[in-house]
Amino acid sequence: MIYTSTYTTPIGDVLLASKNNELIGLWFEGQKYYLNSINEEMQVKNEEEILKKTKNWLDRYFKGEKPSIKEIKINPIGSNFRKEVWKILCEIPYGSTITYKVIAEKIAKERGLKSMSAQAVGGAVGHNPISIIIPCHRVVGSDGKLTGYAGGLDKKEYLLKLEQS
């Protein structure tokens with residue numbers, strides 16, 4: 001059973017989802033790939049411990065604090081490649097950005113490859129099922145410009161500005 005709860009952020013409502021007391025999803029309502037990785041029955045359960053903990057994390061984040069990703073047990077659903085990309089996203093420091101190309105180069109190096117497709121990395125970043133906490137908003141184009149964000153570029157811009165203040 002997957003438990004869900006809704007949380008209102010300054011930039012829109014998000015749906016939180018958990019399974020086995022681990023966070024498996026955090027999607028902006030209507031975002032691209034909304035509930036994409038969920039194939040099980042869902043039930044609203046606002047008192048689920050991990051969901052309450054996630055709401056507290058989000059409260060602090062939107063107040064400008066810097067809560068650690070490690071405070072929340074996460075278990076995003078995805079392929080091994082996507083999980084590899086999402087793990088790198090979790091290492092991006094608060095207030096910093098990284099490019100798709102740099103992530104691709106990291107993965108290529110770890111795998112002993114000459115190169116890795118930045119587009120493949122972009123696909124994995126775009127399918128991140130735990131927005132904000134797995135900070136896919138911190139990934140930018142090679143020229144430093146904001147590119148793609150499943151929740152919308154306006155939300156990406158807001159989150160990056162929040163982290164700069």
Side-chain angles (χ1 to χ4, degrees), residues 7-17 22-38 54-165:
Y7 176 84
T8 300
T9 77
I11 51 177
D13 289 347
V14 294
L15 180 70
L16 308 175
E22 296 175 317
L23 188 69
I24 63 167
L26 190 166
W27 301 272
F28 284 99
E29 299 236 343
Q31 84 172 47
K32 199 172 186 183
Y33 312 119
Y34 185 78
L35 294 174
N36 190 47
S37 56
I38 303 299
T54 301
K55 289 177 182 183
N56 176 270
W57 190 101
L58 290 166
D59 285 342
R60 291 181 293 128
Y61 175 83
F62 283 106
K63 286 179 185 168
E65 297 177 25
K66 300 175 186 175
S68 171
I69 293 169
K70 295 175 183 170
E71 293 176 32
I72 304 291
K73 284 185 182 179
I74 61 172
N75 191 7
I77 299 167
S79 68
N80 289 338
F81 174 72
R82 287 181 179 174
K83 288 180 179 183
E84 194 174 355
V85 171
W86 300 336
K87 182 176 181 273
I88 292 171
L89 298 182
C90 291
E91 298 166 359
I92 306 168
Y94 185 95
S96 300
T97 59
I98 191 171
T99 66
Y100 298 96
K101 181 180 176 185
V102 169
I103 295 171
E105 289 168 350
K106 276 186 170 198
I107 292 173
K109 184 176 180 182
E110 287 174 9
R111 292 181 169 195
L113 302 172
K114 282 180 95 175
S115 65
M116 167 66 61
S117 165
Q119 286 80 10
V121 167
V125 171
H127 282 83
N128 169 22
I130 305 178
S131 297
I132 304 170
I133 294 174
I134 297 179
C136 54
H137 60 277
R138 296 179 188 158
V139 184
V140 297
S142 293
D143 57 4
K145 290 187 179 171
L146 300 188
T147 58
Y149 187 64
L153 285 179
D154 58 326
K155 290 175 177 63
K156 182 173 188 165
E157 185 176 8
Y158 179 95
L159 296 171
L160 290 172
K161 283 183 180 175
L162 173 69
E163 293 183 7
Q164 296 301 316
S165 52

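- Y61 places a side-chain heavy atom less than 4.5 Å from the side chain of L162.
- Rounded to the nearest 0.5 Å, atoms CG (L159) and OG1 (T9) are 8.0 Å apart.
- Of all heavy-atom pairs between G95 and E163, the closest is N-OE1, 3.1 Å.
- A 4.5 Å side-chain heavy-atom check between C90 and I74 finds at least one atom pair inside the cut-off.
- Across all their heavy atoms, V125 and C136 have their closest contact at CG1-CB, 3.6 Å.
- In this pair, F62 and Y158 present their aromatic rings tilted. The plane angle is within the 30 to 60° band.
- Between the CD1 atom of I77 and the CD1 atom of I24 there is a distance of 4.0 Å, given to the nearest 0.5 Å.
- Under the side-chain contact (heavy atoms from CB on, under 4.5 Å) rule, I72 has a single partner from L58, I134, L23, which is L23.
- For NZ of K55, the number of neighbouring non-hydrogen atoms (other residues, nucleotides, ligands) closer than 6.0 Å is greater than 12.
- Screening T97, I88, L89 for a side-chain contact (heavy atoms from CB on, under 4.5 Å) involving V139 leaves a single residue, L89.
- Residues F81 and A124 approach most closely at CE2-CB, 4.0 Å, considering heavy atoms.
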Start with the C-alpha distance between I103 and I98, add both sets of side-chain angles, then the distance that settles side chain to side chain contact (heavy atoms under 4.5 Å, CB included), and finish with yes or no.
CA-CA 7 Å; I103 295 171; I98 191 171; 3.9 Å; yes
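- Every residue two or more places apart in sequence or in another chain was checked for a side-chain hydrogen bond (donor to acceptor under 3.5 Å, both in side chains) with Y94, and none qualifies.
- Across every non-hydrogen atom of P76 and P129, the tightest pair is CB-CG, 3.6 Å.
- Within the model, atoms CH2 of W57 and CD of E65 stand 11.0 Å from one another, a figure rounded to the nearest 0.5 Å.
- Listed for the R138 side chain is a donor-acceptor partner under 3.5 Å among the backbone atoms of I92.
- Closest of all the heavy-atom pairs between L160 and H137 is CD2-O, 3.5 Å.
- Under the 4.5 Å side-chain criterion, counting only non-hydrogen atoms from C-beta, L26 is not in contact with Y7.
- Here the side chain of W86 pairs no donor or acceptor atom with the backbone of H127 at under 3.5 angstrom.
- Put simply, the side chain of I11 does not reach to within 4.5 Å of the side chain of D154, judged on heavy atoms.
- Between M116 and I107, the shortest heavy-atom distance links the atoms CE-CG2, 3.7 Å.
- Between atom OG1 of residue T54 and atom CD of residue E71 there is a gap of 10.0 Å, rounded to the nearest 0.5 Å.
- Of the inter-residue distances, the one linking W27 atom CH2 with I132 atom CD1 reads 13.0 Å to the nearest 0.5 angstrom.
- For residues 102-115, the side-chain hydrogen bond (donor to acceptor under 3.5 Å, both in side chains) pairs, not counting sequence neighbours, are E84-R111.
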